[in-house]
Amino acid sequence: MNALRESRQLVQELEAEIDTRAAAVKRLQAEEEQNRQLAALRKEEARAVRNLVDSVITSAHIDLQRQMAEERDEVAKTLGGLQAEIVALQKKGRRDQVLFFVFGAILSIPIGLTINWVTA
């Protein structure tokens, strides 16, 4: 009978150990499922962040292209104005040179005649 009691007690201890391990397995399975759900959420969060970053980069790229186009147009307009001023200054310079030559020729003749009359 002593052996039977020991067997019964041993069986009860084994059943308790099995129940403890079964509870641990269930807890681990629940944690595994929770971790899977968290991993899925993390993937979705990562995808959402990636999409947000992509949209911000695209928006910034479009804004920079627009700004560069505006600046290019502004520079082209300013350059056109400067080129027009250069052409006008070149024409004025040529006119001034012609006038200087003509006035020099006109004034040199009377001066030359006056010098010849005074020295003669």
Side-chain angles (χ1 to χ4, degrees):
M1 282 246 211
N2 205 10
L4 191 56
R5 281 186 205 162
E6 287 179 21
S7 299
R8 213 179 283 160
Q9 186 178 4
L10 190 58
V11 167
Q12 288 174 351
E13 288 175 8
L14 287 173
E15 285 178 352
E17 182 67 27
I18 289 173
D19 290 343
T20 302
R21 289 187 181 197
V25 167
K26 285 183 182 180
R27 188 178 67 246
L28 289 174
Q29 286 174 339
E31 286 179 13
E32 179 186 8
E33 180 61 29
Q34 187 179 18
N35 287 338
R36 283 185 190 158
Q37 290 173 353
L38 286 173
L41 285 175
R42 296 285 189 236
K43 284 180 183 178
E44 289 184 30
E45 287 174 355
R47 187 177 305 117
V49 168
R50 190 177 321 116
N51 289 341
L52 178 63
V53 168
D54 288 344
S55 68
V56 167
I57 288 173
T58 301
S59 174
H61 183 70
I62 290 170
D63 287 345
L64 284 174
Q65 284 181 332
R66 182 185 47 77
Q67 287 175 352
M68 285 176 57
E70 289 173 359
E71 288 176 5
R72 186 176 46 244
D73 292 344
E74 190 175 316
V75 167
K77 183 179 177 182
T78 303
L79 183 61
L82 289 174
Q83 286 174 337
E85 286 183 40
I86 289 172
V87 168
L89 288 172
Q90 286 174 338
K91 287 180 182 179
K92 183 182 180 299
R94 277 190 231 119
R95 189 188 75 221
D96 289 348
Q97 288 176 356
V98 169
L99 287 175
F100 185 73
F101 175 76
V102 169
F103 287 137
I106 291 174
L107 288 176
S108 66
I109 293 173
I111 291 173
L113 289 175
T114 305
I115 290 175
N116 284 339
W117 180 71
V118 170
T119 58

Would Q29 and V25 satisfy side chain to side chain contact (heavy atoms under 4.5 Å, CB included), going step by step from the backbone distance to the final call? CA-CA 6 Å; Q29 286 174 339; V25 167; 3.9 Å; yes
Could you walk me through whether V75 and R72 pass the side chain to side chain contact (heavy atoms under 4.5 Å, CB included) check? CA-CA 5 Å; V75 167; R72 186 176 46 244; 5.8 Å; no
For side chain to side chain contact (heavy atoms under 4.5 Å, CB included), just list the numbers for R36 and E33, CA-CA rounded to whole Å, side-chain angles, deciding distance to a tenth of an Å, and then say yes or no. CA-CA 5 Å; R36 283 185 190 158; E33 180 61 29; 4.0 Å; yes
same_hphob_cluster(L107, L99) at 4.5 Å side-chain heavy-atom cutoff: no
Counting only heavy atoms not in Q34, do more than 12 fall under 6.0 Å of its CD? no
Test item: L52 and S55 side chains (from C-beta on) under 4.5 Å apart, heavy atoms: yes
When rounded to the nearest 0.5 angstrom, what is the spacing between CZ in R42 and CG in L38? 6.0 Å
Using side-chain heavy atoms (C-beta onward) and a distance below 4.5 Å, is I18 in contact with R21? no
Taking NZ, NE, NH1 and NH2 as the nitrogens, is one of them in K92 or D96 under 4.0 Å from a carboxylate oxygen of the other? yes
Could you point out which residue of D63, V56, I57, I62 forms a side-chain contact (heavy atoms from CB on, under 4.5 Å) with S59? D63
State the CD-CD distance between E74 and E70, to the nearest 0.5 angstrom. 8.5 Å
Could you grab the distance from atom CD1 of I109 to atom OG1 of T114, nearest 0.5 Å is fine? 11.5 Å
Roughly how far apart are D73 CG and T78 OG1, rounded to 0.5 Å? 10.5 Å
Straight-line distance of R8 CZ to E15 CD, nearest 0.5 Å: 12.0 Å
